[in-house]
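Just so it is clear: chains get the letters A, B, ... in the order the sequence lines come, proteins before strands, and each one is counted from 1. Side chains are part of it too, since the values below use all heavy atoms of this structure and drop only hydrogens, waters and symmetry mates. Note that the coordinates shown come from a computational prediction; the quantities given were computed from them, not determined experimentally.
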Number of protein chains: 2
Amino acid sequence: MAEPARRGVPEATVGRLPGYLRALGQAAERGTPSISSEELAGLAGVRSTQLRKDLSHLGSYGVRGVGYDVAQLSAQIARELGLTQDWPVVIVGLGNLGRALAAYRGFATRGFRVVALVDEDPALVGTAIEGLTVRTLDQLASAGPRVAIGVITTPARSAQQVADRLVAMGVRSILNFAPCLLSVPDGVEVRRVDMATELQILAFHEQRRSLADDHAEETAG
Amino acid sequence: MAEPARRGVPEATVGRLPGYLRALGQAAERGTPSISSEELAGLAGVRSTQLRKDLSHLGSYGVRGVGYDVAQLSAQIARELGLTQDWPVVIVGLGNLGRALAAYRGFATRGFRVVALVDEDPALVGTAIEGLTVRTLDQLASAGPRVAIGVITTPARSAQQVADRLVAMGVRSILNFAPCLLSVPDGVEVRRVDMATELQILAFHEQRRSLADDHAEETAG
DNA sequence: GCGACTTTGTGCCTGCGTTCACAAAGTCGT
DNA sequence: ACGACTTTGTGAACGCAGGCACAAAGTCGC
């Protein structure tokens, strides 16, 4: 009953695992040794049936009539996500956002370590930020530590060539904050984070509600 | 043929509209007056059939045999997303990330305007950042401008009470950068942006590939 | 003016994700 | 030890999103 269908964790489930891990952290702080799917789902913002089905995809570690052992399930999910090791991260582009991410302590908490900072601005190269010396991409490629994950916080016009360089260095996971599409070879995964997009989606619903309100006033008045 | 099913734009489609808008901007820079679904889809990173189906949900503005008028389609999508007006935005929490967002010029480009900055740190309140005077939530609630969208960049422990205050002020759209779940009343929409989550998803796939590589070596060696 | 060609818009089908209903399995009180 | 109760794990149904095939509609050459 330990590992049923390990090779088939649905993408939607993977997307929720980090949330479960965070919720388990909250539960652990409260000191409760075990937790029911109902309660954990509440902390994670999903339905309990969804939580149980998600967990079933990575081998059931629950006890019927009791629930899940917080520490054990936490470790299991962390292992599944590959957080038992520290992934070396490089941040490319040290504008406001890049510097904010470099200073972000949440990285180090578990699973990730910023091992290099890159920028092409000659005024920045060689200076130290957050205890790391800023290098160029060339320097990183020739004499830098191995990196597994690249975070791109450059302007959009530079993002594609940065991505190409990272891929050439063997990076297969990219987190892209630049508002543009990156084209990469098969086997390289790109995730985009774009606040402009998020705001526009919010604006869509906001406008929708405004229109609904206007209509309500109209019919009422 | 102008407005068929306006009230039923699927959520997945809404999520792609900002990408189409950006792609249209690129096309406009090149000066081409019209563009085919095939080419536009390429710029946006989707299939052409998907693009056409998405656009069909907001009333067809294409010309068969020719394509879409770039300026007209751009205006149409902007209108659909509610970007013809400027939405007033407040940023709550002026740590590294909050300051980076406050300085981010991408906001102002279209549709959004940062009209207030909020922090509870007495050392910050009253000072000016990016031309705006930092206030407390109390000050904003009693004498601030109306805001439609709240951006939360506080630590996780403060996020919920900030959200409560924003909702009490009438904010119905929240963009949450804090790594926690927000509980809000019906009718309020929250979107979360969390780099830790994104990194963990990348780590999952990275580990998956590593395991696959190891297995390949093992069978090869 | 007409026919060949291009490109859009859409009905249908397939696959995935979510929810429901229920059986399996374990705990706790007596 | 046994029965009532709690909670998990999962098969089945349902709904949504994506892709294919094709008809509709317009342009361009002659």
Distance in angstrom units between A:R47 CZ and D:dT7 P, rounded
18 Å
Excluding sequence neighbours, so at least two apart, what forms salt bridge (Lys or Arg N to Asp or Glu O under 4.0 Å) with B:E120?
none
Residue whose closest nucleotide on DNA chain C lies nearer the 5' end, B:S36 versus A:V66
B:S36
Rounding to a whole Å, what distance do you find between A:H57:NE2 and C:dC16:P?
12 Å
Compile the donor-acceptor pairs under 3.5 Å between side chains in residues 39-49 of chain B and protein atoms, sequence neighbours left out, one pair per line.
| residue | atom | partner | partner atom | Å |
| --- | --- | --- | --- | --- |
| B:S48 | OG | B:E38 | OE1 | 3.2 |

Which nucleotide in the set D:dA17, D:dG19, C:dT18 lies at the smallest distance from any side-chain heavy atom of B:P10?
D:dA17
The side-chain contact (heavy atoms from CB on, under 4.5 Å) partners of A:T197 (sequence neighbours excluded) come to A:R192, A:D194, A:I201, B:P18
Interatomic distance, A:E39 CD vs D:dT7 C1' [rounded to whole Å]
13 Å
Taking CG from B:L40 and P from C:dT6, how many angstroms apart are they, rounded to a whole number?
20 Å
Under 3.5 Å, is there a donor-acceptor pair between the side chain of B:R191 and the main chain of A:L202?
no
Taking CZ from B:R52 and P from D:dG18, how many angstroms apart are they, rounded to a whole number?
15 Å
A:L73 and A:L55, any side-chain heavy atoms less than 4.5 Å apart
yes
A:K53 side chain, from C-beta outward: closest of C:dT19, D:dG19, D:dA21
C:dT19
Does anything in residues 180-190 of chain A form a side chain to side chain donor-acceptor pair (under 3.5 Å)? List the pairs, not counting sequence neighbours.
none
Quick one: is C:dT19 close enough that its OP1 or OP2 comes under 4.0 Å of any side-chain N or O from A:Q50?
yes
Please list every donor-acceptor pair under 3.5 Å in which a side-chain atom of residues 147-158 of chain B meets a protein atom from a residue at least two apart or in another chain.
| residue | atom | partner | partner atom | Å |
| --- | --- | --- | --- | --- |
| B:T153 | OG1 | B:V92 | O | 3.0 |
| B:T153 | OG1 | B:G93 | O | 2.5 |

Calculate the interatomic distance between A:D69 atom CG and D:dT8 atom P; express it in whole Å.
13 Å
Expressed as a whole number of angstroms, how long is the span from B:D54:CG to D:dA17:P?
10 Å
Against the side chain of B:V63, the closest entry in C:dC12, D:dG26, C:dA21 is D:dG26
In residues 11-34 of chain A, which residues come under 4.0 Å of DNA chain D by heavy atom?
none
State whether B:Y68 places a side-chain N or O below 4.0 Å from either non-bridging phosphate oxygen (OP1 or OP2) of D:dG26.
no
Measuring to OP1 and OP2 of C:dT8, would you say a side-chain N or O of B:S37 lies under 4.0 angstrom away?
yes
Rounded to whole Å, how long is the line connecting atom CG of B:L55 with atom P of C:dT7?
16 Å
Nearest listed nucleotide, side chain of B:T49, among C:dT19, D:dG19, D:dT8:
D:dG19
Testing D:dA23, C:dA24, D:dT27 for proximity to the side chain of A:R64, the answer is C:dA24
